[in-house]
2 protein chains.
Amino acid sequence: MALLRGHAGLRRIVAAQLHDAHELTVNEYEALLLLDEAPDSRMRGVDLAAGLQLTPSGVTRLLDGLRARGFIERAHCPQDGRVAYAVLLDAGRAKLRRAACSHVAEIKALLAERFSDQELATLAALLSRLPGAGCSGEGTGGSMHAACPQRAADA
Amino acid sequence: MALLRGHAGLRRIVAAQLHDAHELTVNEYEALLLLDEAPDSRMRGVDLAAGLQLTPSGVTRLLDGLRARGFIERAHCPQDGRVAYAVLLDAGRAKLRRAACSHVAEIKALLAERFSDQELATLAALLSRLPGAGCSGEGTGGSMHAACPQRAADA
DNA sequence: GCTATCTTGTTGACCACTCAATGATATCCC
DNA sequence: GGGATATCATTGAGTGGTCAACAAGATAGC
C-alpha cells in the first residue's frame, strides 16, 4: 500500500540529482539509454513510447528537446514515410556516458544504505513482475522492445 | 534498477482508474484520506505538504481544487494568523468513502494477480524503508505527520 | 485501382506540479 | 519595544506530461 508513496520519494530524489547534475529528465536519460542499446542507435517513436511508457505526444516533445540540444537527430525511413527515426548522435552518447556514471552510483548509494544485497535481489525479483518492467539495466542489449531493425512490420 | 520503471506503470494504472471513476487525482485522494484521519478532520497546509510529499504551492493548488468542488473548506487559526487549515466537509468525506472502496479494490486486484500474500508482506516491509514511506494504509490513525492538534509549535 | 481502415507522428489545449519571489505573521534576542 | 530571522501560504512563470483531434502514409478487401 505504501508502495506508491515510498517510491515517489525515491524517484523525486533521483530525478533531482539527474536534473541538477546533468540537465536531464529521467525519461530523457532513459531515452538515450534505449537508443544506445538499439541496433544502429536508432528507434522509431512508437517503440520509444512503448519502452518509456509514454504517450506518442510525450515522445514527440521529449525528442524535440533532445534534438534541440544536439543529442539526437531525426531521420526518415525510406521504406515507410510515416516513421521518423530518432538517431543517437555522438554528443548524445557522450552525455549518456557521463550521466550514467553518477546516476547509477547515486541509485546504488541510495539503495545500499537501506537494503542488503540479498534484500535488493528479492526486491528486484518481485518488482520485475510489475507491468512494463522491461529490465532496463546498464548493459543488457535490449531484448524485448522490438527495436525496429528495418521496418519490423514488413513481412 | 527496473524499480523506477516498474512502479511507474502501476501508478499510471491506479491514477487512471481513480481519475476516470471518481474525478480524483491520487494526491487529491490521499489528501482527503489524511484529512479524514487527522484530529478534527483538519490539517495545516504545511503538514499536508509533508504527508503528501508535495511542495507548499502544490498543496495550495490542490486545496483550491478540492474547495472549489465543495470537499473541504478553509479555516483560519485563531492563534496563528499564518496558517490556513484545510477542513474536511461531509461532501468530501462521502467522496472519500466512495472512492476508497473501488480504489483499494483496484490496487488489491492488481497486486494479488502478481504476488502471493507472503510476497506482498515482504515487499511492503522492504518498501516501507524508503524515504517518506509513512504507512498511509486505510485505518492507521496517523502516527507520524504531526497532525497539528492546536498549533503544534506553541510550547 | 479505389475506398476503408489501421499506424505513425504531430499539434493545441490543458493539467498537476515545480521553483523563485513575495506577503504576512511569529519568534528570538538584545 | 524593535529589528533579525524563521515559518506559512500564495502567486507567476515554466515544465513535463496527458488527451483529443488531426494529417499523412501504409495496408487490406473487393
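Scope of the values below: all heavy atoms of this structure, side chains included, with no hydrogens, waters or symmetry mates. The chains referred to below are lettered A, B, ... by the order of the sequence lines, with proteins before strands, and numbering in each begins at 1. Predicted model only: the values in this text are computed from it and were never measured.
You'll find the side chain of A:L96 reaches within 4.5 Å of the side chain of A:Y29, heavy atoms only. Here the side chains of B:R44 and B:C77 are not in contact, with every heavy-atom distance at 4.5 Å or above. Looking at B:L34 and B:E30, their side chains never come closer than 4.5 Å, going by heavy atoms from C-beta outward. For the pair A:Q53/A:N27, no side-chain contact is recorded, criterion being any heavy-atom separation below 4.5 Å from C-beta on. Residues A:R97 and A:D36 have side chains in contact (heavy-atom distance under 4.5 Å, counting atoms from C-beta outward).
Distance, A:D47 CG to C:dT8 P: 8 Å, rounded to whole Å. If you measure from atom CG of A:L52 to atom C1' of D:dG17, you get 13 Å, rounded to the nearest angstrom. Between the OH atom of A:Y85 and the P atom of C:dT7 there is a distance of 18 Å, given to the nearest Å. Rounded to whole Å, the distance from CG on B:L63 to P on D:dC8 is 15 Å. Between the C1' atom of D:dA9 and the CZ atom of B:R44 lies a distance of 11 Å, rounded to the nearest Å. If you take CG of A:D64 and P of C:dT10, they are 7 Å apart, rounded to a whole angstrom. Spacing between atom CZ of B:R11 and atom P of C:dA16 amounts to 14 Å, rounded to whole angstrom units. Here the P atom of nucleotide C:dA16 and the CG atom of B:L48 are 16 Å apart, to the nearest Å.
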Mind listing the N/O atom pairs, protein and nucleotides 22-25 of chain C, below 3.5 Å?
from: C:dT25; atom 1: O3'; to: B:G81; atom 2: N; distance (Å): 3.2

Using a cutoff of under 3.5 Å, can you pull out all pairs of nitrogen or oxygen atoms linking the protein to nucleotides 2-5 of chain C, with atom names and distances?
none

Check the interface with nucleotides 17-20 of chain C: list each N/O to N/O pair with the protein under 3.5 Å, or write none.
from: C:dC17; atom 1: OP1; to: B:N27; atom 2: ND2; distance (Å): 2.3
from: C:dT18; atom 1: OP1; to: A:R12; atom 2: NH1; distance (Å): 3.3
from: C:dT18; atom 1: OP2; to: B:T55; atom 2: N; distance (Å): 3.2
from: C:dT18; atom 1: OP2; to: B:T55; atom 2: OG1; distance (Å): 2.5
from: C:dT18; atom 1: O4; to: B:R61; atom 2: NH1; distance (Å): 2.5
from: C:dC19; atom 1: N4; to: B:S57; atom 2: OG; distance (Å): 2.9

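Looking at residues two or more places apart in sequence or on another chain, you find a side chain to side chain contact (heavy atoms under 4.5 Å, CB included) between A:A31 and A:L52, A:L62, A:L66. Residues that satisfy the side chain to side chain contact (heavy atoms under 4.5 Å, CB included) test with A:V87, not counting sequence neighbours, are A:R42, A:E73, A:A75, A:Y85.
When every heavy atom of A:G92 is checked against every heavy atom of A:L32, the shortest pair comes out as O-CD1, 4.1 Å. Taking both residues in full, the closest heavy atoms of A:E119 and A:S116 are given as OE1-N, 2.9 Å, listed atom of the first, atom of the second, then distance.
Between D:dC8, C:dG9, D:dT10, one nucleotide has an atom nearer to the side chain of A:R74 than all others, and that is C:dG9.
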- Task: Start with the C-alpha gap between B:V46 and B:V59, add the side-chain angles, then the distance that decides, and say whether side-chain contact (heavy atoms from CB on, under 4.5 Å) holds.
- Result: CA-CA 8 Å; B:V46 66; B:V59 169; over 6 Å; no
Please tabulate, for side-chain N and O atoms in residues 14-25 of chain A, each donor-acceptor pair with protein atoms closer than 3.5 Å (sequence neighbours left out).
from: A:H22; atom 1: NE2; to: A:S102; atom 2: OG; distance (Å): 2.7
from: A:T25; atom 1: OG1; to: A:E28; atom 2: OE1; distance (Å): 3.4

